[in-house]
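The next block holds one structure in the form of C-alpha cells; read it before the comments.
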Amino acid sequence: MVSRGLVSGRLALVTGAGSGIGRAACQVLSREGATVIAADKNYDAAMETIKKHTALASGSNNTGDHSAMELDVSDAKSVQNLLKAILNEYKLPPKIVVNSAGVTRDNWLLKLSEEDYDSVMHVNLKGTFLIMQTFAKAMTESSIQGSIINISSIVGKYGNIGQTNYSASKAGVVAMTQSAAKELGKFNVRVNAILPGFIDTPIIKTVPDKVKEHMLKLVPLGRLGDPTEVAEVITFLSSDKSSFITGAAIDVTGGF
Ligand code: NAP
C-alpha cells in the first residue's frame, strides 16, 4: 500500500528557509509530501536547504520540484516579485505559507537605537504582514483553501530582558494572526501562530551563556528545543489534521 504524507501534493512557501526553524520546516513538509519553495534573504542558504535538507535531496543538483528563491520579507517589491516568480513556475499560489524569517537586535531599553527598533519591526512584523497580505490575496483569488503559519515567540507573551523591540514585534504577530484568521475564515484560509521557546538555532548564538543557563532552569523539560520539534507542529497546522484550528497561538516551549 502506498502511504501518503500529511501534506502530499501541496505547494508550500517557507520564508527564512535558509536556516533554523525555516530549514527544518522545509525538511518535514517535504518528508510529508509537499513541494517546497525555500525563500530567504540568503539565496545560497535557501538553495542549500533544498539540495541537502529536503526529502528528495541527494546532495546532487537534482532539486525535484522544490525550488529556492531570494526574498527580503520587509520589502514589498521583493514580496511581489516572489509571488510573480512562483506563479510563473508553479501556475498556482502556495496552499501552505510559513512565515519564519526573523531577526533579533537585542539591547537594553535604555540603550536601544531607533535603527535596531525599526529593523526588527520591519522584518518580523511588517514582513509577516506583507507575506500574509500578498499570499492570502492570491489564495482567495484562486479559491485555494490555504493554511498560513506565523512564527511568533514565547517572549511575545511574557517579555524578555534586552528584547523590547523583538518581544513587541512577536506580540504583534499573534494579534495580527488572530485578526487575519477572523477575516479569512470565510475563504477557508486558516491562520495560526506558533510561539517557540528556546530552540537550538543560529539566532540564539548571540544570547550570553549565563542568560541561557538561567533560561534553561525555567524550562521543565530542561533542554533547548530542536528546530524539528517546531517543524512538526508547523506541518500539523499545514495539514487537514488541524482543519478546525484557526486563530490559535500554540506554545512550543518545553513548558517554559
Ligand atoms: P535563524 O536560524 O536565524 O533563521 C532565520 C532566517 O531568516 C535566516 O536564514 C535569515 O537570514 C532569514 N532572514 C532574516 N531576515 C530576512 C528577511 N528580511 N527576508 C527573508 N529572510 C530573512 O533563526 P530561527 O531560530 O530559525 O528563527 C526562525 C523564526 O523563529 C524567527 O521568526 C524567530 O524570531 C522565531 N523564533 C526563534 C526562536 C529560537 O529560539 N530559535 C524562538 C522563538 C521564535 P540571515 O541569516 O541572512 O539573516
Side-chain angles (χ1 to χ4, degrees), residues 7-103 122-151 173 176 180 184 187 189-191 231 234-235 237-238:
V7 287
S8 270
R10 297 183 187 184
L11 185 61
L13 166 66
V14 179
T15 75
S19 180
I21 293 169
R23 174 169 280 175
C26 292
Q27 221 161 8
V28 178
L29 285 165
S30 65
R31 183 197 75 200
E32 293 298 326
T35 298
V36 166
I37 302 158
D40 201 285
K41 214 176 66 189
N42 183 338
Y43 172 81
D44 291 342
M47 187 45 101
E48 190 180 326
T49 295
I50 293 301
K51 285 191 179 163
K52 295 198 186 149
H53 303 274
T54 54
L56 276 179
S58 55
S60 72
N61 283 331
N62 176 16
T63 58
D65 291 334
H66 305 307
S67 56
M69 298 194 183
E70 190 174 339
L71 165 73
D72 178 353
V73 294
S74 66
D75 175 0
K77 192 132 197 262
S78 173
V79 173
Q80 283 303 326
N81 287 342
L82 175 73
L83 174 63
K84 266 190 225 148
I86 291 173
L87 292 178
N88 210 17
E89 174 98 12
Y90 296 97
K91 312 302 169 212
L92 276 176
K95 192 173 168 69
I96 300 164
V97 172
V98 181
N99 273 305
S100 191
V103 293
H122 277 129
V123 176
N124 298 3
L125 190 56
K126 184 180 163 193
T128 300
F129 163 73
L130 289 173
I131 291 280
M132 263 212 303
Q133 187 185 52
T134 303
F135 285 88
K137 191 159 184 274
M139 283 175 186
T140 59
E141 285 170 357
S142 301
S143 302
I144 285 178
Q145 301 185 2
S147 176
I148 301 173
I149 296 109
N150 296 325
I151 309 302
V173 167
M176 196 183 272
L184 297 174
F187 301 106
V189 173
R190 298 185 295 111
V191 193
I234 290 172
T235 305
L237 288 172
S238 304

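The first residue of the sequence shown is numbered 1, and numbering continues consecutively from there.
Summarising the geometry of P93 relative to I144, their closest heavy-atom pair is O-CD1, 3.3 Å, with the distance given to 0.1 Å. The two atoms that bring Q145 and K95 nearest to each other are O-NZ, 2.9 Å, heavy atoms only.
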Could you walk me through whether L82 and F135 pass the side-chain contact (heavy atoms from CB on, under 4.5 Å) check?
-> CA-CA 10 Å; L82 175 73; F135 285 88; 3.8 Å; yes
Does the pair R10 and S238 meet the rule for a side-chain contact (heavy atoms from CB on, under 4.5 Å), with working shown?
-> CA-CA 9 Å; R10 297 183 187 184; S238 304; 5.9 Å; no
Could you please spell out the steps behind the side-chain contact (heavy atoms from CB on, under 4.5 Å) verdict for K137 and E141?
-> CA-CA 6 Å; K137 191 159 184 274; E141 285 170 357; 3.4 Å; yes
L125 and V173: CA distance, side-chain angles, deciding distance, side-chain contact (heavy atoms from CB on, under 4.5 Å) verdict = CA-CA 6 Å; L125 190 56; V173 167; 4.1 Å; yes
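At a threshold of 4.5 Å between non-hydrogen side-chain atoms, the residues H66 and S30 count as touching. Using a 4.5 Å heavy-atom threshold, the side chains of M139 and V97 count as touching. Side-chain contact between N150 and M132: present, with at least one pair of heavy atoms (C-beta onward) separated by less than 4.5 Å. For the pair I151/I234, a side-chain contact is recorded, criterion being any heavy-atom separation below 4.5 Å from C-beta on. The shortest side-chain heavy-atom distance between V14 and I37 does not fall under the 4.5 Å cut-off.
The OG1 atom of T128 sits 10.5 Å away from the CD1 atom of I148 when rounded to the nearest 0.5 Å. Note that the OG1 atom of T134 and the CG atom of N81 stand 11.0 Å from one another [nearest 0.5 Å]. In this structure, CG on L71 lies 8.5 Å from OG on S74, to the nearest 0.5 angstrom. The distance from the CD1 atom of I86 to the NZ atom of K91 is 12.5 Å, given to the nearest 0.5 Å. Rounded to the nearest 0.5 angstrom, D75 CG and Q80 CD are separated by 10.5 Å. Between atom OH of residue Y43 and atom CE of residue M69 there is a gap of 9.0 Å, rounded to the nearest 0.5 Å.
With hydrogens and angles disregarded, a donor-acceptor distance shorter than 3.5 Å links the side chain of S78 to the backbone of D72.
Among L13, I131, N124, the one residue that satisfies the side chain to side chain contact (heavy atoms under 4.5 Å, CB included) test with N99 is I131.
Between Y90 and T35, the side chains place no donor N or O within less than 3.5 Å of an acceptor N or O (distance only, hydrogens not considered).
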List the atom pairs, with distances to 0.1 Å, where a side-chain N or O of residues 15-29 and a protein N or O form a donor-acceptor pair under 3.5 Å, not counting sequence neighbours.
from: T15; atom 1: OG1; to: S100; atom 2: N; distance (Å): 3.0
from: T15; atom 1: OG1; to: A101; atom 2: N; distance (Å): 3.0
from: R23; atom 1: NE; to: T49; atom 2: OG1; distance (Å): 2.8
from: R23; atom 1: NH2; to: G18; atom 2: O; distance (Å): 3.2
from: R23; atom 1: NH2; to: A45; atom 2: O; distance (Å): 3.1
from: R23; atom 1: NH2; to: T49; atom 2: OG1; distance (Å): 3.3

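Taking the side chain to side chain contact (heavy atoms under 4.5 Å, CB included) definition, one finds that E89 meets it with nothing, sequence neighbours left out.
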